[in-house]
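What follows is one structure encoded as structure tokens, with my remarks underneath.
A quick note: this is a predicted structure, and the numbers were derived from the prediction, not measured.
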Amino acid sequence: MFRSTSTVLVRGRFLIPSTPLRCASPSATFVALRPSAPARFVSSSLSANPKRATPRRLPIHPSPAVALTSFRSCSHASHQRRRAAMTDRDILPDTFKPVHYDLVITDLDFMTWSYKGTVTIEGQLTKPTAEIVLNTLELKLLNSKIEISQSKSDQSWESSNFTEDTKSQRSTIIFAEQLPASPKASLTVEFTGELNHDMAGFYRSQYKPVAPPAASVPHDDEFYYMLSTQFESCDARRAFPCFDEPNLKATFDFAIEIPDDQVALSNMPVKETKPTTQGKKLVSFERSPIMSTYLLAWAVGDFEHIEAFTDREYNGKKIPVRVYTTRGLKEQGQWALQHAPKIIDYFSEQFEIDYPLPKSDILAVHEFTHGAMENWGLVTYRMTAILFDEKLSEARFRNRIAYVVAHELAHQWFGNLVTMDWWDELWLNEGFATWAGWLATDHLHPDWDVWPQFINEGMDQAFSLDAVRSSHPIQVEVRDALDVNQIFDKISYLKGCSMIRMLASHLGVKTFLKGIAIYLRKHQYSNAKTEALWAALSEASGTDVNTLMQNWIEKVGFPVLTVTEEDQRISVKQSRFLSTGDVKPEDDQTTWWVPLSLKGKTGSKGIEPLALTTKESTIDGVSNDFYQLNAGATGFYRVNYPESRLKRLGTQLDHLTTEDKIFITGSAADLAFSGHATTAALLSFVQGLKQETHYRVLSQALDSLATIKSIFGDDEQVKAGLEKFTLEVIDNALKTVGWEAKQGEDFNTGLLRKRLLLTAVSNSHEEIRKGAFERWSAYQANPEQSPIPANLRAPVYHSAIVTDPANAVAALKKEWYTTPAIDGKEICLQALGRTTDVEVIKKVLLPFLFNSSPPAAAADSIPGADMHILSGMFAGNRAARPLMWAYIRDNWDEFTGKLAGNPILVDRMINVSLPKFNDLETLKEIEAFFAGKDTKGFDRTLEQVKDKIRGRAAYKTRDAEGVKQWLVSNGYA
């Protein structure tokens with residue numbers, strides 16, 4: 001699933017203990033005692049001798065390979081210990097093992113928003129029992145029957161005796177007598193369900209049609225409705241009774257009764273359609289492959305489609321690929337359709353397994369919690385993640401759509417064909433799909449520079465979350481599946497992707513993909529664990545991958561490498577990085593395998609593939625003039641150079657790649673934030689980027705400056721100085737790109753123009769503000785004659801908000817409600833979030849954000865799926881931030897009431913609304929407020945929010961004077 005919407009939106013619980021497993025040490029030596037004795041490990045790391053004063057040089061070596069025999073012994077031993085230490089999972093009883101579902105949905109009632117269903121589940125009754133427990137939520141069970149095949153006869157039992165545990169989301173069917181165990185049993189349950197409006201289970205989405213809809217489409221005075229499903233992670237149980245756990249795979253037959261003039265979709269092609277009652281038809285679909293319940297999907301609506309085919313043939317046929325939309329929008333699926341068939345072919349070749357289904361459908365859903373969902377054969381998407389209007393859409397959505405399509409199609413193999421065994425290994429699905437999504441996007445659009453984009457947008461966000469004490473390991477214990485929502489987050493997706501990227505770089509992408517092919521072939525149509533992936537990659541590479549990666553996956557956090565210099569020699573020390581800067585001995589127990597990727601070794605023109613496998617070591621033969629660690633930025637760590645070296649690197653930009661510049665800027669910013677280094681050192685490095693014109697490099701620099709401004713900008717002298725400095729940094733690039741797009745300019749230049757103009761407006765560039773407001777005024781006077789180009793809406797809207805807030809807010813609210821642009825609502829909400837007029841925020845925008853519709857008019861209420869867009873902007877807005885917190889605090893019941901049907905939305909709102917306070921007083925308020933609240937569903941997120949506030953408050957206290965001094969001494973304040 002792609003959890004990003006306008007920002008990376010992702011969803012944490014139980015931590016695996018942080019004490020390192022000794023056998024996981026990359027510097028361990030394997031010692032065979034005797035054939036009958038267990039193996040033992042003798043550590044050669046520095047930590048074995050804490051009195052050692054001088055760093056060891058030996059553990060830095062080009063290839064930390066360990067015999068695969070020792071890898072297997074180590075892996076087994078650590079696996080056994082980890083499993084023994086784990087709390088038992090809260091899973092369904094193993095009494096009934098499903099093999100096949102036959103599900104029929106009928107009687108869709110658009111007045112009561114309800115339906116009827118019958119599901120027959122074939123499987124094995126593994127032991128004698130009088131009870132069968134399965135998952136349900138918001139369903140009413142009516143009757144049940146079980147048929148059991150014995151050696152000579154069949155028997156059946158019926159029951160309408162049900163008990164429901166709403167907290168665990170389980171129902172128990174109680175039979176009058178004990179049922180015998182049998183390898184062949186068939187359980188049938190009749191039930192009714194709700195067509196909810198919570199974006200989970202089988203739900204309805206509201207929309208305003210752009211073409212006359214079919215007569216039967218349900219509607220009210222404001223909206224028309226389509227129906228679709230969203231089952232990951234635990235919401236198949238909202239739609240039908242089932243055994244809703246990822247390793248309880250089965251095949252599925254599905255049929256649904258719908259109005260004659262609507263379209264039904266599911267994972268597989270239509271098998272047959274036959275009439276039922278007047279004006280209705282029953283649409284049946286072919287049997288699915290064996291798969292997890294969360295991957296089943298269906299949809300009903302006034303759909304139309306466009307179609308293309310793969311270039312390759314599969315079983316003698318090209319795969320049909322369709323983009324479905326509600327009526328009138330299908331042509332906006334062309335951009336996605338240009339990509340999907342090519343990506344299917346690309347992945348089929350790279351993974352050495354053909355796409356396994358006979359069709360691939362894409363569906364644009366009008367209301368959607370996340371970015372997209374990888375349902376096998378029927379991928380569902382948020383509108384802005386799949387549709388693109390050539391006249392009205394902003395160019396950045398080309399990039400977004402291409403990537404999200406690739407991410408979801410990667411899941412068709414990695415997640416669907418092979419599924420993680422349990423939710424604690426979610427990263428196997430999401431980390432890989434994130435990496436493969438960027439791999440395919442880079443293949444199709446090498447001119448986009450997507451790996452620099454990932455370093456700027458993806459790695460940086462992973463660093464940000466993993467730098468707080470309340471982060472979690474990539475592989476995190478999940479006892480209760482209902483707790484999994486919070487780990488659909490930047491650790492599972494972006495740190496997971498960073499691990500894949502680091503390992504692929506070390507092994508070589510070609511070798512890495514060979515290992516992926518081995519993994520997929522061995523485990524297709526089943527479930528697998530992380531150890532299985534490491535084993536396949538070890539087989540392909542001859543490298544002990546488990547030893548390299550175990551601490552990265554099982555331990556929380558990442559290291560900062562602190563560098564000290566001597567003549568032609570550097571010493572490198574690794575320690576855990578925390579953004580709060582208060583690392584305690586118990587926090588710093590992990591020794592990571594760190595690929596150093598050293599550039600600047602004497603006598604070498606390339607990158608030396610050295611690795612640090614102990615806490616500290618020394619490298620000889622390093623150039624005094626220039627050297628660099630983590631060249632190419634494939635390693636997931638920060639580098640703390642001496643301040644003089646960082647300053648020198650700012651004058652040696654010609655030695656650095658785009659990736660290097662982004663990484664060094666991000667490192668300097670994080671090190672300043674945490675107190676490892678100073679903000680003055682960061683600002684001095686950024687000074688060297690004044691001639692830079694690459695979009696991603698400048699984006700990283702501007703992100704860093706925006707963070708500094710958000711923390712220290714309460715001081716007007718500092719705020720003015722930072723604005724002056726920021727405008728100086730962008731001056732050359734801004735003059736180069738100007739307002740108007742040039743014929744033939746590349747994709748990133750268009751993105752750069754928008755970013756620079758928006759930055760200029762935000763930092764009081766009077767000429768740009770004036771020009772932007774003139775464009776706004778002309779547009780307001782005559783929208784048809786003076787339209788605002790799609791890529792310029794953000795800076796123009798922002799200028800209007802700054803210049804004439806009350807009128808601009810009214811106009812943009814109206815624009816938000818009426819815009820024909822697919823991305824228009826998102827652009828309007830982002831602009832509205834920049835409002836600093838306190839009265840407008842209080843009287844207009846906060847009610848707009850938190851009102852529920854009904855009773856509020858639809859034009860005065862942001863739907864729950866989009867609330868994070870405005871609240872995220874408010875969180876970064878000095879005027880709006882405390883007002884929004886006060887509103888949430890004083891209207892908690894109203895806040896949770898609007899979002900109560902979908903706990904993911906509550907978690908997301910806490911995550912985006914609260915982390916940017918800079919003071920401990922507000923932190924105390926937040927702690928006191930939530931001390932009396934039930935925080936299940938967002939407890940991990942809340943702790944992360946509090947850690948982020950602590951870090952910002954510590955940074956502000958520590959470096960406020962230093963920032964001001966640098967600005968004054970350099971003539972900016």
Side-chain angles (χ1 to χ4, degrees), residues 91-107 115-137 139-164 169-193 202 231 236-257 266-268 271-272 274 276 282-296 298 525-526:
I91 58 177
L92 291 168
D94 61 356
T95 309
F96 193 99
K97 186 176 185 294
V99 174
H100 175 71
Y101 290 79
D102 188 346
L103 174 62
V104 180
I105 301 292
T106 62
D107 297 279
Y115 62 93
K116 294 179 181 178
T118 301
V119 61
T120 298
I121 311 172
E122 298 173 8
Q124 303 170 14
L125 200 58
T126 61
K127 61 187 70 172
T129 183
E131 299 179 348
I132 295 178
V133 182
L134 69 176
N135 293 115
T136 64
L137 178 63
L139 299 175
K140 182 179 181 180
L141 306 189
L142 303 175
N143 298 292
S144 69
K145 178 181 180 181
I146 189 166
E147 296 181 354
I148 295 177
S149 296
Q150 300 293 319
S151 57
K152 295 183 179 180
S153 64
D154 293 345
Q155 292 179 278
S156 65
W157 292 262
E158 295 187 6
S159 176
S160 56
N161 186 2
F162 309 107
T163 63
E164 182 179 11
Q169 299 180 3
R170 293 171 184 168
S171 288
T172 301
I173 306 173
I174 303 170
F175 293 91
E177 59 185 276
Q178 183 161 278
L179 310 175
S182 172
K184 188 176 181 182
S186 178
L187 174 67
T188 298
V189 182
E190 297 176 358
F191 63 97
T192 61
F202 188 16
F231 290 164
R237 64 192 67 177
R238 285 200 194 207
F240 65 104
C242 58
F243 298 88
D244 199 11
E245 294 175 359
N247 54 12
L248 297 178
K249 287 189 168 186
T251 54
F252 292 84
D253 285 334
F254 175 70
I256 188 167
E257 184 185 46
S266 190
N267 306 79
M268 299 297 288
K271 180 180 180 180
E272 67 173 348
K274 55 186 180 182
T276 55
L282 184 70
V283 184
S284 302
F285 296 85
E286 294 179 8
R287 181 165 297 188
S288 77
I290 185 170
M291 64 185 187
S292 303
T293 48
Y294 78 85
L295 294 171
L296 181 65
W298 64 83
Y525 300 107
S526 63

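- In this structure the side chain of Leu179 reaches within 4.5 angstrom of the side chain of Trp157, judged on heavy atoms.
- Nearest heavy atom pair, residue Ala255 against residue Ser284, reads CB-OG, 3.5 Å.
- The backbone N or O of Ser149 lies less than 3.5 Å from a partner atom in the side chain of Ser182, making a donor-acceptor pair.
- Residues Ser156 and Ile146 fail the side-chain proximity criterion, which asks for heavy atoms closer than 4.5 Å.
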Derivation and outcome, side-chain contact (heavy atoms from CB on, under 4.5 Å), residues Val119 and Thr188: CA-CA 6 Å; Val119 61; Thr188 298; over 6 Å; no
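- Proximity of Gln155 to Gln150: side-chain heavy atoms (C-beta onward) are separated by under 4.5 Å at one or more points.
- Donor-acceptor pairing under 3.5 Å is recorded for the side chains of Glu257 and Thr276.
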I'd like a table of donor-acceptor pairs (distance under 3.5 Å, sequence neighbours excluded) in which one partner is a side-chain atom from residues 127-137, with atom names and distances.
from	atom 1	to	atom 2	distance (Å)
Lys127	NZ	Asp94	OD1	3.0
Thr129	OG1	Glu131	N	3.0
Thr129	OG1	Glu131	O	2.8
Asn135	OD1	Asp244	N	2.9
Asn135	ND2	Gln169	O	3.2
Thr136	OG1	Ser171	OG	2.6

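- Within the 4.5 Å cutoff, the side chain of Phe191 has no heavy atoms near those of the Thr118 side chain.
- Considering only heavy atoms from C-beta on, Leu125 comes within 4.5 Å of Thr95 through its side chain.
- A pairwise comparison of heavy atoms in Arg170 and Leu92 identifies NE-CD2, 3.7 Å as the closest pair.
- Taking the six-membered ring where the residue is Trp, Phe243 and Phe96 present parallel rings, their angle staying beneath 30° rather than reaching 60°.
- Asn267 places a side-chain N or O within donor-acceptor distance of the main-chain N or O of Leu295, the cut-off being under 3.5 Å.
- Every residue two or more places apart in sequence or in another chain that forms a ring pair (Phe, Tyr, Trp, His ring centres under 6.0 Å) with Tyr115 is listed here: Phe202.
- Annotation: salt bridge (charged side-chain N to carboxylate O under 4.0 Å, His left out) contacts involving residues 174-193, sequence neighbours excluded, are absent.
- Val189 has its side chain within reach of Leu141: a pair of non-hydrogen atoms, C-beta onward, lies under 4.5 Å apart.
- The aromatic rings of Phe240 and Tyr101 sit perpendicular to each other, their planes meeting at more than 60°, with 30° as the lower class boundary.
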Working for side-chain contact (heavy atoms from CB on, under 4.5 Å), residues Phe231 and Leu296: CA-CA 7 Å; Phe231 290 164; Leu296 181 65; 4.2 Å; yes
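- Looking only at distances, no side-chain donor or acceptor of Ser159 sits under 3.5 Å from a matching main-chain atom of Ile173.
- The distance from the OG1 atom of Thr120 to the CG atom of Asp102 is 5.5 Å, given to the nearest 0.5 Å.
- Taken to the nearest 0.5 Å, the CZ atom of Phe285 stands 12.0 Å off from the NZ atom of Lys271.
- Trp298 has its ring centre no less than 6.0 Å from the ring centre of Phe252.
- Scanning all heavy atoms of the two residues, the minimum distance from Tyr525 to Lys249 falls at C-NZ, 3.9 Å.
- Within the 3.5 Å criterion, the main-chain N or O of Glu122 finds no donor-acceptor partner in the side chain of His100.
- Checked by atom type and distance alone, the side chain of Glu147 never pairs as donor or acceptor with a backbone atom of Asp154 at under 3.5 Å.
- Taken from CZ in Phe254 to CZ in Arg287, the straight-line distance is 15.0 Å, to the nearest 0.5 Å.
- A distance of 9.0 Å separates NZ of Lys97 from CG of Asn247, quoted to the nearest 0.5 Å.
- Minimum interatomic distance between Ile121 and Pro241 (heavy atoms only, all atoms of both residues): CD1-O, 4.0 Å.
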For the pair Asn143 and Glu158, evaluate side-chain contact (heavy atoms from CB on, under 4.5 Å) and give the outcome as yes or no after the intermediate values. CA-CA 8 Å; Asn143 298 292; Glu158 295 187 6; over 6 Å; no
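- When only modelled atom types and interatomic distance are considered, Ser288 and Thr251 share no side-chain donor-acceptor pair under 3.5 Å.
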